[in-house]
**Student:** 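Starting off with a structure, shown below.
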Amino acid sequence: MASSISLLLFLSSSLLLHSYFQYAEAQPAVVADGLSWSFYNSSCPNLESIVRKQLKKVFKNDIGQAAGLLRLHFHDCFVQGCDGSVLLDGSASGPSEQTAPPNLSLRAEAFKIIDDLRRRVHKKCGGVVSCADILALASRDSIFLSGGPDYNVPLGRRDGLDFATIAATLANLPAPSSNTTTLLESLGTKGFTATDVVALSGGHTIGIGHCSSFTGRLYPNQDPIMDKTFARNLKTICPAPNSSNTTQLDLRSPDVFDNKYYVDLMNRQGLFTSDQDLYQDSRTRGIVTSFAVNQTIFFENFVTAVVKMSQLNVLTGAQGEIRANCSARNSGSLLLSPVVVAGEEKELRWAV
């Protein structure tokens, strides 16, 4: 009976598809100054094949790591830009971004995978590829190797020299309890449209959520919007507000990057408030529906949004550095590192 109701809800909403397409017109990517689609063609022509080949092996053993890498990239870019700062360990100057509450659940293995990729790339090409670029490529391959779209990534990022404060991290990563207004306002300041916000939220089609991120919807009173059967099952997994268990973010296809996340929302089975409210809010409901009934539309808009996100406040040229270890700034206040510009190795410059 429940499945019949879900199907009817889905089919009836699909009748509105034509009117919703106006929200879902993907825009061509704009490349930030200093980045290029062919940045490493001369200095590291095998870069992308090195990363993808290794990640195929990693995901064959544990596909769950794909979501971990994707989330790591999101949490890096949204705070102070895609500069690999989330990868840095703390130092005498203060605690790292990793100690901020939103980052405590980042997968430890994801950090190890990125530095292993850095080691493989630097062994082949020398220290010309930044950790920030490797993270951007790993995120792209996590999406593709999980069943999502393949796309080109503009490259040329440099690694940041410092990490954001805990306060800045908290201010730039909306909590799972956030409503749509909070999401639109927070990401709007970074140049994202409502369609971008809904598309990027689709990253929750893979991965897991911790009970502490959504038990506020179960206890002491159940969120009336949540599907009752879904809520009952969640209470089994999280029998108390302080439960430390986890569950899949996408009920229907938890390890596949597809559009089923949006079907979940239409059936009131979104895990976080920040997820479900996208369907409840009239400003984004139509976008959710268009993605739920047409995966191609979702993929096109996701690529547009994630490529835009991957270029937030990037460091390029002589800014930053190319880390020899993704978790630590290079030793010394000044370091000699090759600056690669648009695929060509230029003369060595001093980079702080």
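Residues take their numbers from the sequence shown, with the count starting at 1.
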**Student:** Just to verify, what does Arg217 make a salt bridge (charged side-chain N to carboxylate O under 4.0 Å, His left out) with, not counting sequence neighbours?
**Tutor:** Asp223

**Student:** I'd like to know if the side chain of Thr165 and the backbone of Ala168 have a donor-acceptor N/O pair within less than 3.5 Å.
**Tutor:** yes

**Student:** So does Ala132 get a backbone contact from the side chain of Asp159, meaning a donor-acceptor N/O pair under 3.5 Å?
**Tutor:** yes

**Student:** Can you name the residues that form a ring pair (Phe, Tyr, Trp, His ring centres under 6.0 Å) with Tyr262, not counting sequence neighbours?
**Tutor:** Phe291, Phe298

**Student:** Mind checking whether Ser96 and Asp89 have side chains closer than 4.5 Å, heavy atoms only?
**Tutor:** no

**Student:** Checking Asn233 against Thr236: is there a side-chain donor and acceptor pair closer than 3.5 Å?
**Tutor:** no

**Student:** Measure the shortest side-chain to side-chain distance between Arg118 and Leu87 over non-hydrogen atoms and say whether it is less than 4.5 angstrom.
**Tutor:** no

**Student:** Quick test of your reading of the model: are Asp115 and Arg119 salt-bridged, counting only N-O distances below 4.0 Å?
**Tutor:** no

**Student:** Which residues pass the side chain to side chain contact (heavy atoms under 4.5 Å, CB included) test with Ser146, sequence neighbours left out?
**Tutor:** Ile63, Ala66, Ile206, Phe257

**Student:** What pairs with Phe111 under ring pair (Phe, Tyr, Trp, His ring centres under 6.0 Å), at least two apart in sequence or on another chain?
**Tutor:** none

**Student:** Got a salt bridge between Lys260 and Asp250, using NZ or NE/NH1/NH2 to carboxylate O under 4.0 Å?
**Tutor:** no

**Student:** Can you tell which of Asp196, Thr205, Ile143 makes a side-chain contact (heavy atoms from CB on, under 4.5 Å) with Phe302?
**Tutor:** Ile143

**Student:** Would you confirm whether Asp264, through its side chain, and Gln269, through its main-chain N or O, come within 3.5 Å as a donor-acceptor pair?
**Tutor:** no

**Student:** Under a 4.5 Å cut-off applied to non-hydrogen side-chain atoms, are Leu47 and Leu155 in contact?
**Tutor:** yes

**Student:** Taking the side chain as everything from C-beta on, heavy atoms only, tell me whether Asp150 gets closer than 4.5 Å to Arg140.
**Tutor:** yes

**Student:** Contact between Thr316 and Asp33 at the side-chain level, heavy atoms closer than 4.5 Å - yes or no?
**Tutor:** no

**Student:** For Phe192, is there any backbone N or O sitting under 3.5 Å from a side-chain donor or acceptor partner on Lys308?
**Tutor:** no

**Student:** Is it the case that the side chains of Asn245 and Ser243 hold a donor-acceptor pair, with the cut-off being a distance below 3.5 Å and no angle test?
**Tutor:** no

**Student:** My understanding is that only residues two or more places apart in sequence, or in another chain, count here; which of them pass side chain to side chain contact (heavy atoms under 4.5 Å, CB included) with Lys53?
**Tutor:** Lys57

**Student:** With a 4.5 Å cut-off on side-chain heavy atoms, are Ser213 and Phe272 touching?
**Tutor:** yes

**Student:** Quick one: does any side-chain atom of Arg285 pair with a main-chain N or O of Tyr279 as donor and acceptor, under 3.5 Å?
**Tutor:** yes

**Student:** If we ignore angles and hydrogens, is there a donor and acceptor under 3.5 Å between the side chains of Thr195 and Asn301?
**Tutor:** no

**Student:** With His73, which residues qualify under ring pair (Phe, Tyr, Trp, His ring centres under 6.0 Å), at least two apart?
**Tutor:** none

